[in-house]
Amino acid sequence: MNFDEFTGEIQHRLELPGTGEAVRATRATLMTLGQRLPEGNAADLAASLPMEVKWYMTGAVQDHGQRFGWSEFLDRVSDIEKTDRADAAHHARVVIDLVHSQVPESDFRQLRDALPEAQDDENWRKLFEIVDSGGWQETGGAQTDGNGD
């Protein structure tokens with residue numbers, strides 16, 4: 001999958017009006033994720049993605065391995081994307097689901113292992129809701145927990 005196909009798929013899944021919005025959602029999610037992950041983990045995960053998408057997780061990030069939770073992740077993504085937290089959460093879940101379909105399972109497992117899946121509001125499992133529900137479906141669309149967090 002190349003960059004145009006990747007962003008086109010994000011645009012389609014999110015039903016966004018243009019490519020710019022799809023690029024912004026992808027960049028916001030993956031750049032913020034790159035900030036959260038150790039540099040090596042980010043590079044491993046990004047290695048199978050299109051070069052331009054890979055850059056969001058690696059080249060665009062100055063400080064890898066920052067410690068922040070799900071709530072701060074949503075704040076950062078919504079700020080970069082210029083959208084509200086509920087949309088940011090939904091967009092991030094869709095982007096992560098597409099990433100999941102493009103990377104080796106071992107690299108995706110490494111991503112999950114780097115993010116704590118607790119039973120509180122900082123539960124990173126929320127990022128993986130679409131993946132865990134079987135992935136995005138054309139007929140059913142993406143599923144969320146309804147409250148955006």
Side-chain angles (χ1 to χ4, degrees), residues 1-70 72-117 124-145 148-149:
M1 180 174 277
N2 66 34
F3 180 72
D4 290 336
E5 292 166 334
F6 191 97
T7 55
E9 185 63 22
I10 293 298
Q11 181 181 352
H12 171 71
R13 290 182 183 195
L14 292 175
E15 299 178 355
L16 297 171
T19 304
E21 292 89 344
V23 169
R24 197 167 27 258
T26 302
R27 180 175 51 88
T29 297
L30 296 182
M31 202 167 96
T32 305
L33 192 59
Q35 293 168 348
R36 176 62 174 81
L37 296 174
E39 187 172 4
N41 291 34
D44 288 348
L45 184 66
S48 299
L49 299 174
M51 179 180 58
E52 300 88 342
V53 175
K54 175 182 176 177
W55 186 82
Y56 297 144
M57 293 189 74
T58 57
V61 176
Q62 301 300 315
D63 188 16
H64 290 277
Q66 297 176 35
R67 302 300 294 177
F68 55 84
W70 171 247
E72 175 67 17
F73 175 82
L74 290 181
D75 288 343
R76 291 180 184 203
V77 171
S78 67
D79 185 52
I80 293 168
E81 195 178 347
K82 307 275 190 262
T83 190
D84 62 38
R85 285 173 48 98
D87 283 344
H90 176 64
H91 295 175
R93 289 177 181 123
V94 169
V95 169
I96 291 303
D97 183 58
L98 184 56
V99 166
H100 177 252
S101 73
Q102 299 299 305
V103 303
E105 191 59 39
S106 60
D107 291 340
F108 199 77
R109 172 56 45 201
Q110 186 179 46
L111 166 65
R112 291 195 79 147
D113 290 347
L115 301 172
E117 295 186 10
W124 282 95
R125 186 176 301 136
K126 295 175 182 180
L127 180 61
F128 305 106
E129 286 179 350
I130 295 173
V131 171
D132 291 344
S133 70
W136 185 85
Q137 303 294 320
E138 179 75 37
T139 57
Q143 300 172 2
T144 66
D145 62 5
D149 289 355

Does any part of the side chain of Leu127, heavy atoms only, come nearer than 4.5 Å to the side chain of Phe73, both counted from C-beta? yes
Mind checking side chain to side chain donor-acceptor pair (under 3.5 Å) for Glu81 and listing every partner two or more places apart, or none if nothing turns up? His91
Partner residues of Thr83 under the side chain to side chain donor-acceptor pair (under 3.5 Å) criterion, sequence neighbours left out: Asp87
Roughly how far, to the nearest 0.5 Å, is CD1 of Ile130 from CG of Leu98? 10.5 Å
Can you tell me if Thr29 uses its side chain to pair, donor with acceptor, with the backbone of Thr26 under 3.5 Å? no
Rounded to the nearest 0.5 Å, what's the gap from CZ on Phe6 to CG on Leu49? Could you check? 5.5 Å
Are the side chains of Arg36 and Trp124 in contact, using a 4.5 Å heavy-atom criterion? yes
Considering only heavy atoms from C-beta outward, does the side chain of Phe108 approach that of Phe128 to under 4.5 Å? yes
Check the pair Leu115, Trp70 against side-chain contact (heavy atoms from CB on, under 4.5 Å), reporting the backbone distance first and the verdict last. CA-CA 9 Å; Leu115 301 172; Trp70 171 247; over 6 Å; no
Over all atoms of both residues, closest heavy-atom pair of Thr58 and Ala46: CG2-CB, 4.3 Å
A side-chain contact here means heavy atoms from C-beta on lying under 4.5 Å apart; do Met57 and Val99 qualify? no
More than 12 heavy atoms from other groups under 6.0 Å of CD on Gln62: no
Can you tell me how far CG of Asn2 sits from CE of Met51, rounded to the nearest 0.5 angstrom? 10.5 Å
Would you mind reporting whether Glu129 and Asp132 have side-chain heavy atoms less than 4.5 Å apart? no
Cation over ring, Arg76 on Phe68, under 6.0 Å and within 45°? yes
Only counting residues at least two apart or in another chain, list the ones meeting salt bridge (Lys or Arg N to Asp or Glu O under 4.0 Å) with Asp79. none
Please tell me if the side chains of His64 and Leu37 come closer than 4.5 Å, counting only heavy atoms from C-beta onward. no
Look up atom CD1 in Ile80 and atom CZ in Arg24, then write down how far apart they are to the nearest 0.5 Å. 11.5 Å
Within residues 97-107 or reaching into it, pairs that qualify as side chain to side chain donor-acceptor pair (under 3.5 Å) - sequence neighbours excluded: Arg13-Asp97, His100-Glu105
Arg125 side chain reached by Arg112 side chain, heavy atoms, under 4.5 Å: yes
Is it the case that atom CD in Gln66 sees more than 12 heavy atoms from other parts of the structure closer than 6.0 Å? yes
Quick one: does Glu21's side chain have a donor or acceptor within less than 3.5 Å of a partner on Gly18's backbone? yes
Which heavy atom of Val77 sits nearest a heavy atom of Ala88, and at what distance? CG1-CB, 3.8 Å
With sequence neighbours left out, the residues meeting salt bridge (Lys or Arg N to Asp or Glu O under 4.0 Å) with Arg27 are none
Thr19: what forms a side chain to side chain donor-acceptor pair (under 3.5 Å) with it, not counting sequence neighbours? Gln11
Is there a side-chain contact between Val61 and Met31 (heavy atoms, below 4.5 Å)? yes
What are the two closest heavy atoms between Val103 and Leu45, and how far apart are they? CG1-O, 3.3 Å
